[in-house]
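The block underneath contains the structure these notes are about, expressed in structure tokens.
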Amino acid sequence: MHNVTGYSSVKTVLMPIVASLTGLILFFIVYPPAQLFSTKITISIIVVVFGSSVLTSILLHRLFKKNLQVMTNIFHSMDDVVGVKDYQGNFVFCNEKVAYLYQSTPEQMVGKDDYFFTKNREQADFFLKSAQDIMDRFEKEVVYESSMDTNTGEVRHFSSTKIPFKDTKNNCKIAIFAKDITDIARLKEGADRNQKRLEHVLDVSEEGLWEWNIQTNQVLHNKRWENIIGIESSRETFIEFEACIVQEDKAKVGQALDLLLTKSQPYNIEFRMKRPDGKVIWVWDRGRVAEVDENGDPIWLVGIILDITTEKLNQQKIERLAYYDSLTGLVNRTQLEVELDEVIQLSVQKGQYSAVLFLDLDRFKLLNDSYGHHMGDKLLTLVASRLIDKGSSDMVISRFGGDEFVIIYPLVDSDEDKAIFEAQRYANELMIEISKTFFIQNDHHDVSIEYDISVSVGGIVFNGQDTTTGSLLQLADLALYRVKSTSVSQALIFGIDMKDELTHSSQLLKDIRQSIVDQDFLIYLQPKLNRDETLIGAEALVRWQHPTRGLLNPAAFIDQAEESNFIVKIGKQVLMQVCEQLSLWQRSSETQHLTISVNLSAKQIWQSQFVDDFMLTVNSFDIDKSKLIVEVTETVLLQDIKDATEKMNRLKSHGITISLDDFGTGYSSLNYLHRLPIDEIKIDRSFINDFAEDEQVKLMVKSIVDLANNFGVNVVAEGVENIEQFDLLKEFNVDVYQGFFFSKPISLIEFERYLLT
């Protein structure tokens, strides 16, 4: 394997290298341990005696020559690349590692350059230029370079030490000692790729990466962290970061970090920061301990931070939509129940009474109908502002729905009577405040209006024992109904001992609701006669065939039906039965002349689609519409005379007959007679009761009849109880009569018998 030519080449190349310091070190390595001591002594003596002169080199050469074969064998057995090239880049010597990479032998490679074996001109030229530059400078250099393994085609990486030297003929050559660092390079490349990939992922996820040395307060971070926090890297980074935390959130951030450092609890927290540019943001910060010292104490923390300001703002918007009224900003019904449940528990804990107040605005619908819903919305916001101004910080004020508001007044007093008194006082103050004139700006027409409303307030005082949010709200709502049904001018606050009475009303409303579904409401008819006591028609009066309590008169349920708006659905059922009865009568020549009058509730007429709904029902029956008489009272007209007049005119245009009930009791009766399309008036029964004995009443009745005759309007006397009243009314030329003197209200079957008498 090592022929004379190869041996001579090694000798020629290595002798000058041994003459250098590097060669001397290699020489030490060549000798076995047994010879090392004597060799060291020999070399030391030579160097001391002769110095580093040419003579020293000759002596060392003689020593080296003796062991040249041993050195050559060592070079060939090394895993590192060892080679020598001349100035033209041709190999003068190489070990077997080089030959293996080039698929050759050390002997065959002598005199040939890299290109001969790799056929890679670019790589060969690079190696040649690099070697020549070093030989020209004649300075040792360590370089990192790559070469192709011709066995596998893969590129391998080397850390090469290149030493220029001159041979015995003074020709410049270069010795190359290269360590294969391919595995290390690949690990580094992989680490670089992972780092870049991580940075890319963090950039995509918009998260800032940070590292914090808690012992030095050194902070390292990526660019995204700077973009989020607005702080550039410096020695003061942590101090600046800490200063940016909003004051109210500093304590919880500090506590979370302390738990991470002392108990290794996860650091995962949301808090606010005020950036150096003044912008306040929400961040989500997460971190963990990455390195500890020999005592187990944390050194480095690592984590990521994310700007969640947009998500927080959206969350707040969602919460406001979920828990607050979008118009007034007050607590909505959902959140009200949560707050009330907390007050119930608090009342139990403190042993004190709290109150729930229900408020309902009067004349609110009139504003909507007259000026539009946008004006109604403005009024609601103004009412909400007044409620807030009159409330305290511990009160919960809610818009319950429509024009209803609820106030929770917590911990009023430990004595029930005092709590009721205080809640009553506060509620009455609210009524006074809200009854003050409102100045409402109309944005659509750039005008403002002055508008007055009144408010009804009912409530319940409780101490939290044996009660629920649902039952309290129901009882307070029923208390409000009680206020509205009694028409009192002040608030009514009930103690919890009124629960049974109020619950009775609640059960009544439930029964009404179910009976509407079951159609338990029916009509009774009270006959109407002329002066000759000839039957000319009837008034339809509602009755309730209660499933357990039997037949109920209106006095037992009409107020609750009115207040709960159930009267609208009951009125529709009554109208259908009236039309059905008229249809039956008009099929026979003996009864086709009969009329039926039906009472209209104020709640029915106030419905915006009242006329359309009314005529839809009437037109579903084949009847003479002039035989259908609708009776309206002054209560209906007081709300909005303009709206009522318009609706009555529309009914009149469809052929419906209009009757004004309870005429003579209102201060505006004459005005109504002039403005409304009235076909008949009904003298209030209060006049008829005193008619026979009171001359003043007689005069008033005569005046009413004369007035009606002048307007061409029929007159109906209701509540005729005896023959004396009947005879006197006939003298005054009253047209139509009804009352117990003729018949009480009777069922449809009984009315059929009445027809035959």
Side-chain angles (χ1 to χ4, degrees), residues 1-2 6-7 9-31 36 43 57 60-61 64 67-102 104-114 117-118 123-124 126-151 155-168 171-185 188:
M1 174 175 175
H2 304 294
Y7 179 84
S9 299
V10 173
K11 173 183 175 182
T12 304
V13 170
L14 294 185
M15 281 179 62
I17 297 176
V18 174
S20 69
L21 182 60
T22 303
L24 187 58
I25 293 171
L26 289 174
F27 175 76
F28 291 160
I29 297 173
V30 168
Y31 284 96
L36 184 58
I43 293 174
S57 297
L60 290 173
H61 163 67
F64 185 70
N67 295 281
L68 187 58
Q69 186 61 49
V70 176
M71 250 182 110
T72 302
N73 292 338
I74 290 174
F75 282 139
H76 284 304
S77 64
M78 290 174 63
D79 289 332
D80 295 339
V81 168
V82 179
V84 179
K85 292 182 180 180
D86 60 20
Y87 193 82
Q88 288 72 38
N90 297 317
F91 281 97
V92 177
F93 169 81
C94 71
N95 67 352
E96 291 186 359
K97 179 64 175 181
V98 179
Y100 169 78
L101 292 175
Y102 283 179
S104 183
T105 64
E107 294 81 8
Q108 292 174 345
M109 293 189 65
V110 173
K112 303 180 182 65
D113 64 1
D114 293 281
F117 300 100
T118 65
Q123 177 179 281
F126 173 80
F127 286 159
L128 176 61
K129 185 176 185 309
S130 173
Q132 289 178 342
D133 288 345
I134 292 172
M135 285 186 284
D136 290 342
R137 293 193 304 272
F138 209 75
E139 293 178 356
K140 182 182 73 170
E141 187 170 326
V142 178
V143 299
Y144 297 92
E145 52 194 2
S146 302
S147 176
M148 179 182 294
D149 185 341
T150 56
N151 296 284
V155 175
R156 302 198 67 81
H157 305 281
F158 297 89
S159 173
S160 302
T161 300
K162 298 186 178 183
I163 306 171
F165 67 93
K166 301 231 174 152
D167 62 11
T168 55
N171 294 321
C172 195
K173 292 185 174 59
I174 188 168
I176 302 167
F177 302 90
K179 185 171 185 62
D180 190 333
I181 59 170
T182 302
D183 292 339
I184 297 174
K188 183 178 183 303

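Owing to the predicted nature of the structure, the values given are computational and were not obtained by experimental measurement. Numbers here simply count residues along the sequence, with the first being 1.
Side chain of T182 to main chain of H157: a donor-acceptor pair is present (N/O by atom type, distance under 3.5 Å, no hydrogens or angles). Of the possible polar contacts, none joining the E96 side chain to the P106 backbone as a donor-acceptor pair under 3.5 Å is found.
A search for side chain to side chain donor-acceptor pair (under 3.5 Å) contacts involving E145 returns S160, K162, not counting sequence neighbours.
Note: F117 and F91 have perpendicular aromatic rings, judged against thresholds of 30 and 60 degrees for the angle between ring planes.
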Give the intermediate values and the outcome of side chain to side chain contact (heavy atoms under 4.5 Å, CB included) for residues D113 and F127. CA-CA 10 Å; D113 64 1; F127 286 159; over 6 Å; no
Evaluate the criterion side chain to side chain contact (heavy atoms under 4.5 Å, CB included) for residue pair N95 and F177; output intermediate values, then yes/no. CA-CA 10 Å; N95 67 352; F177 302 90; over 6 Å; no
Working for side chain to side chain contact (heavy atoms under 4.5 Å, CB included), residues K85 and D114: CA-CA 10 Å; K85 292 182 180 180; D114 293 281; 2.4 Å; yes
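Residues T118 and Y102 share a closest heavy-atom pair of CG2-CE2, 3.7 Å. Considering every non-hydrogen atom in both D180 and F158, the closest pair reads CA-CD2, 3.6 Å. When all heavy atoms of M78 and K97 are compared, the pair lying nearest together is O-CB, 4.0 Å. In plain terms, the two heavy atoms of D86 and V92 that are nearest each other are N-CG2, 3.7 Å. Taking every heavy atom of both residues into account, A99 and M109 meet most closely at CA-SD, 3.4 Å. The two residues V82 and V98 come nearest to each other via the heavy atoms O-CG2, 3.6 Å.
Separation of atoms CZ (F165) and CG (D167) is listed at 7.0 Å; rounding is to 0.5 Å. The CE atom of M135 sits 12.0 Å away from the CD atom of E141 when rounded to the nearest 0.5 Å. Residue K129 holds its NZ atom at 10.5 Å from CD1 of I134, rounded to the nearest 0.5 Å. If you take NZ on K179 and CG on D79, they are separated by 8.0 Å, rounding to the nearest 0.5 Å. If you take CG on L128 and CG on N90, they are separated by 9.0 Å, rounding to the nearest 0.5 Å.
When the shell of 6.0 Å around OH of Y144 is examined, it contains 12 or fewer heavy atoms from other residues, nucleotides or ligands. Annotation for K112: atom NZ counts as buried by contact number, over 12 foreign heavy atoms lying within 6.0 Å.
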